[in-house]
Amino acid sequence: MCSIMGIAGKDITPEQFKECILETTSRGPDALKIVETDKGILGFQRLSIMGLTDAGMQPFYLNGKYVVCNGELYGFRPIKDELLSKGYSFESDSDCEIILPMYEQYGVDLFAKLDAEYALIIYIEETGELIAARDPIGIRPLYYGYTKAGSICFASEPKALVKICDKIMPFPPGHYYKDGQFVCYRDISKHTEVIKDDVETACKNIHDKLVAGIKKRLDSDAPVGFLLSGGLDSSLVCAVAQKFSDKPIKTFAIGMEKDAIDLKYAKQVADFIGSDHTEVYMSKEDVLRELPNVIKLLGTYDITTIRASMGMYMVCKYIHENTDVRVLLTGEISDEIFGYKYTDFAPSKEEFQKEAEKRVHELHMYDVLRADRCISVNSLEARVPFGDLDFVQYVMNLDPQIKLNNYGKGKYLLRHAFEEDGCLPYDILMREKAAFSDAVGHSMVDDLKERAEEIYSDEEFAKRIKKYTYATPFTKESLMYREFFESFYPGQAEMIVDFWMPNKEWEGCNVNDPSARVLSNYGASGQ
């Protein structure tokens, strides 16, 4: 990960700008560079992943234009060769150095051409104009706000903007900003066509496209590791990656000390694929101690996101403090496109597709945000194979009829896609999903709820929730999270659209807790 920031205008001093961007130093601890011009300021904090020499330091400059980019541009080498043939030269091996030549060649059309996880800011020196863009899923973070004088500011995290902007909002994924307008260049959540492939054809394509997405994300000049929960998604990423490695990959799993479901299954997967596996444990005391810090780094009050972040943050903290790993591959985004436990209750294929579109559209506020913050705050970089654009677009375009759970097994298409591959044992491939916040240990969620009960009486809860008319807390646990959030981001609740919850309009989903554990079809998932 890296940290980027830019402001069009001179509403703040260079000293104030530096103070703001230093709030996100953990994203880019290796180096800091700030460029000040007559009409604006641009800043970059580097975590060296590709092109590790000083020549790879940003901002890059070309013909009166600067760029800062937090991203990984997959398949950049053929593009670089094409640009070389057109007379451009390059000083580094950084993938991001191709952006300005591409902008000169294609203008804003370049954004739709990138196969990438990225957020970037281009600064035009002559006019002082800022152009910004973000990848179609929002895997890399970007936020914006306006100073009191009306100048727009962009930054990787909201905490860099809190002191200078009254209202901070997430930059919409799949958009670019130019001439004062946000323009959608790709909405990956929508059907671009309806693919009528049969189940076997669909599964073959799912297999091949996911394998390609994993393979391209193994390209790194820095050491790579893997988060392994023992569930289907992370297990597939690890198993496929191991096939491409000539030595054991490094896998990491975390759980509570007494009732961690995932540690058991993660070890089974690690033993089967032969990875260099590490187990990390956390306690009730760890969880309660780190809770405020996790809410600050996340910039959210969402219940699901916070619960699931506790384990992820602590395993990443361990990796940062005890290993040389700098890049982590994770299993996020599979659920949004293939379905959760609650989407088994979808009343029709149209409702299933509508729900998937909503979840993909909002990913940047929930699971993707969690992965980014928990990993980047520990000076690591996240890569998300299930977020591969070709893969996501294909699955989203499949006729939703074959994505419904007509098979007696959730996410059947993904499971069946790898049955013949042999990369995982059949019982792991077909094991029912356990929610990550539950699987690290049911007791963790119970500990958090218990702490909230200690803080608020029923009368205090009823009184305090009245302060919040937007996304009003509905349990004591959610109030506890909201009050921590407000202490760090006062008045910024609209950064998150709402609480992540099952679709309450569906029969069987009108629940008051986001965990799949409360659903009638959870079954043996948590065992």
Side-chain angles (χ1 to χ4, degrees), residues 1-36 40-48 57-59 68-71 119-121 123 130 132 134 138 140-148 151-171 290-301 305-306 309 313 316-317 320 364-365 368-382 481 484-496:
M1 297 296 180
C2 298
S3 173
I4 62 176
M5 184 172 173
I7 179 170
K10 301 303 289 288
D11 302 352
I12 63 174
T13 66
E15 292 74 24
Q16 288 173 311
F17 184 96
K18 183 176 181 180
E19 181 182 352
C20 290
I21 196 172
L22 286 177
E23 288 288 332
T24 56
T25 295
S26 61
R27 299 188 70 87
D30 295 339
L32 166 67
K33 186 174 181 180
I34 295 173
V35 173
E36 180 188 4
I41 310 175
L42 207 60
F44 181 77
Q45 290 179 294
R46 185 185 189 193
L47 177 66
S48 303
M57 182 61 184
Q58 302 182 39
V68 288
C69 178
N70 168 28
L120 64 80
I121 308 166
Y123 177 78
L130 288 183
R134 191 178 185 190
R140 296 302 169 92
L142 193 62
Y143 291 78
Y144 72 95
Y146 298 88
T147 66
K148 288 181 171 58
S151 295
I152 195 165
C153 308
F154 301 102
S156 291
E157 293 188 28
K159 60 187 177 184
L161 300 177
V162 166
K163 294 180 180 178
I164 57 175
C165 300
D166 288 335
K167 184 177 181 180
I168 305 163
M169 292 297 289
F171 193 104
E290 295 290 355
L291 177 62
N293 181 43
V294 168
I295 292 173
K296 181 179 181 181
L297 69 91
L298 289 172
T300 189
Y301 46 84
T305 306
I306 293 167
S309 293
Y313 165 73
C316 292
K317 185 173 187 288
H320 171 67
H364 67 104
M365 290 180 281
V368 162
L369 180 147
R370 165 173 59 84
D372 174 82
R373 297 302 195 281
C374 292
I375 292 173
S376 67
V377 78
N378 288 295
S379 301
L380 305 166
E381 174 175 293
Y481 298 159
F484 278 128
F485 172 86
E486 292 290 340
S487 71
F488 301 122
Y489 303 95
Q492 302 295 341
E494 291 181 35
M495 290 193 300
I496 307 298

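Below, all heavy atoms of this structure are taken into account, side chains as well, without hydrogens, waters or symmetry copies.
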Tell me, do Cys316 and Val377 make a side-chain contact under 4.5 Å, heavy atoms counted? no
Taken to the nearest 0.5 Å, the spacing of Met57 CE from Gln45 CD works out to 8.5 Å
Between Leu297 and Cys374, what is the shortest heavy-atom contact and its length? CD1-N, 4.0 Å
How many angstroms lie between atom CZ of Phe17 and atom CD1 of Ile34, to the nearest 0.5 angstrom? 5.5 Å
Give, for atom CD1 of Ile164 and atom CD of Glu19, the distance between the pair rounded to the nearest 0.5 Å. 10.0 Å
In sequence, state the C-alpha distance, the side-chain angles, and the governing distance for Glu157 and Ser3, and then conclude on side-chain contact (heavy atoms from CB on, under 4.5 Å). CA-CA 8 Å; Glu157 293 188 28; Ser3 173; over 6 Å; no
Identify which one of Tyr489, Phe485, Tyr481 satisfies the ring-ring contact (aromatic ring centres under 6.0 Å, His included) criterion when paired with Tyr301. Phe485
Salt-bridge contact Asp11-Lys148 (side-chain N to carboxylate O under 4.0 Å): no
Is the side chain of Ser379 donor-acceptor paired with the backbone N or O of Ser26 at a distance under 3.5 Å, no angle test? yes
Is there a side-chain contact (heavy atoms from CB on, under 4.5 Å) between Leu291 and Ile306? Walk through the geometry before answering. CA-CA 8 Å; Leu291 177 62; Ile306 293 167; 3.8 Å; yes
Donor-acceptor pair, distance only, cut-off 3.5 Å: does the side chain of Tyr123 make one with the backbone of Gly40? yes
Rounded to the nearest 0.5 Å, how far apart are OG1 of Thr24 and CD1 of Ile4? 9.5 Å
Going from SG on Cys69 to CZ on Phe44, what distance comes out if it is rounded to the nearest 0.5 angstrom? 8.0 Å
Just do the side-chain contact (heavy atoms from CB on, under 4.5 Å) check on Leu32 and Lys18 with the steps written out, would you? CA-CA 9 Å; Leu32 166 67; Lys18 183 176 181 180; 4.0 Å; yes
Aromatic ring pairing Tyr144/Phe171, orientation class (parallel under 30°, perpendicular over 60°, tilted between): perpendicular
Would you find more than 12 non-hydrogen atoms of other residues, nucleotides or ligands less than 6.0 Å from Lys10 atom NZ? yes
Look up atom SG in Cys165 and atom CD1 in Ile7, then write down how far apart they are to the nearest 0.5 Å. 7.0 Å
Could you tell me whether the side chain of Ser309 and the main chain of Thr305 form a donor-acceptor pair under 3.5 Å? yes
Does NZ in Lys159 sit with more than 12 non-hydrogen atoms of other residues, nucleotides or ligands closer than 6.0 Å? yes
Using the side-chain hydrogen bond (donor to acceptor under 3.5 Å, both in side chains) definition, which of the options Arg27, Arg140, His364 pairs with Asp372? Arg27
Is a side-chain N or O of Gln492 found less than 3.5 angstrom from the main chain of Met169, in a donor-acceptor match? no
